[in-house]
Amino acid sequence: EVDLVESGGGSAQAGGSLRLSCVLRRATYSTHCMGWFRQAPGQEREGVATVHTGRGGAYYADSVKGRFTISQGSAPNTVYLQMNNLRPEDTAMYFCVAAPTIGCGPWSLRSDGMDYWGKGTQVTISS
């Protein structure tokens, strides 16, 4: 069974940085569209950033452009999210996601576009 394993997250001060990591295990294909969604209490789930682990090409939510960077790892089906200049409004549960597609697109920032979801890792930013 496919499994998404997330690591990183935690707490930081506003203006600080955190890095999230995610690996997709037991997948049939060696490349996927992968990325991160987040959900704060009482708010809708939001697509944050996605990238294709084979072709590259990143997509970002407007709220994180210029502050967050998603990248592919050297190992198959591995992605990282470098989060800089963090703000209190970035506080949320962050979920790693994946879809067995040949590329990502604007659709990849929609919840219904992704097939696999991790359990989530909490990010808390204090002012």
Side-chain angles (χ1 to χ4, degrees):
E1 184 177 335
V2 169
D3 184 30
L4 282 161
V5 180
E6 303 138 326
S7 60
S11 300
Q13 296 277 341
S17 299
L18 288 171
R19 187 183 192 228
L20 305 181
S21 302
C22 178
V23 59
L24 175 64
R25 302 187 306 186
R26 294 187 289 275
T28 300
Y29 304 106
S30 61
T31 61
H32 286 67
C33 178
M34 292 184 66
W36 298 88
F37 277 61
R38 66 186 181 185
Q39 188 168 24
Q43 296 189 20
E44 292 188 359
R45 196 170 288 182
E46 174 189 27
V48 175
T50 58
V51 67
H52 195 264
T53 60
R55 296 188 168 193
Y59 292 82
Y60 294 94
D62 288 342
S63 58
V64 305
K65 282 179 182 175
R67 301 188 298 122
F68 291 10
T69 303
I70 191 168
S71 59
Q72 307 128 276
S74 56
N77 292 324
T78 301
V79 292
Y80 304 99
L81 184 68
Q82 179 65 41
M83 305 184 292
N84 296 330
N85 193 20
L86 284 159
R87 304 167 180 169
E89 54 263 41
D90 294 319
T91 295
M93 184 72 76
Y94 283 69
F95 299 91
C96 185
V97 296
T101 57
I102 60 173
C104 291
W107 56 265
S108 62
L109 294 179
R110 299 197 308 263
S111 295
D112 60 0
M114 309 311 282
D115 295 287
Y116 308 124
W117 290 75
K119 292 182 172 61
T121 184
Q122 179 68 36
V123 170
T124 303
I125 309 303
S126 57
S127 58

Looking at residues at least two apart in the chain, or sitting in another chain, which of them share a side chain to side chain donor-acceptor pair (under 3.5 Å) with Arg25?
-> Asp3

Just grab all the ring-ring contact (aromatic ring centres under 6.0 Å, His included) pairs involving residues 19-45, residues at least two apart or on different chains.
-> Phe37-Trp117

Taking all atoms of both residues into account, what is the closest heavy-atom pair of Ile70 and Ala58, and its distance?
-> CG2-CB, 3.7 Å

Output the distance between atom CZ (Arg26) and atom CD (Glu1), rounded to the nearest 0.5 Å.
-> 7.5 Å

Kindly state each residue pair satisfying side-chain hydrogen bond (donor to acceptor under 3.5 Å, both in side chains) with at least one member in residues 61-70, sequence neighbours excluded.
-> Arg38-Ser63, Glu46-Ser63, Asp62-Lys65, Arg67-Asp90

Shortest non-hydrogen contact between Ser30 and Pro76, atoms and distance | O-CB, 4.0 Å

Side-chain heavy atoms under 4.5 angstrom apart, residues restricted to Ile, Leu, Val, Met, Phe, Trp, Tyr: same cluster for Val79 and Tyr59?
-> no

Can you name the side-chain contact (heavy atoms from CB on, under 4.5 Å) partners of Ser17, sequence neighbours left out?
-> Gln82, Asn84

When hydrophobic residues are tied together by side-chain contacts of less than 4.5 Å, even through go-betweens, does Val51 share a cluster with Phe68?
-> yes

Taking all heavy atoms of Thr53 and all of Gln72, pick out the closest pair and write down the distance.
-> O-NE2, 3.5 Å

Sequence neighbours excluded, which residues qualify as side chain to side chain donor-acceptor pair (under 3.5 Å) partners of Arg55?
-> none

Partner set under side-chain contact (heavy atoms from CB on, under 4.5 Å) for Thr124, not counting sequence neighbours = Ser11, Thr91, Gln122

Under a 4.5 Å cut-off applied to non-hydrogen side-chain atoms, are Val64 and Met83 in contact?
-> no

Quick one: salt bridge (Lys or Arg N to Asp or Glu O under 4.0 Å) partners of Glu89, sequence neighbours excluded?
-> none

Hey, are the side chains of Thr78 and Tyr80 touching, using non-hydrogen atoms and a 4.5 Å cut-off?
-> yes

CG of Leu81 to CG of Leu20, rounded to nearest 0.5 Å, is 5.0 Å

Side-chain donor-acceptor pairs under 3.5 Å in residues 97-111, sequence neighbours left out?
| residue | atom | partner | partner atom | Å |
| --- | --- | --- | --- | --- |
| Thr101 | OG1 | Gly103 | O | 2.8 |
| Ser108 | OG | Thr50 | OG1 | 2.6 |
| Ser108 | OG | Gly105 | O | 2.5 |
| Arg110 | NE | Asp112 | OD1 | 3.4 |

Dump the intermediate steps for side chain to side chain contact (heavy atoms under 4.5 Å, CB included) on His52 and Thr31, then the final yes or no.
-> CA-CA 7 Å; His52 195 264; Thr31 61; 3.6 Å; yes

Same cluster or not: are Tyr60 and Leu18 linked, directly or through other Ile, Leu, Val, Met, Phe, Trp or Tyr residues, by side-chain heavy atoms under 4.5 angstrom apart?
-> yes

What heavy-atom pair brings Gly9 and Val123 nearest, and what distance separates the two atoms?
-> CA-CG2, 4.0 Å

Partners passing side-chain contact (heavy atoms from CB on, under 4.5 Å) against Gln39 (at least two apart in sequence or in another chain) | Arg45, Phe95

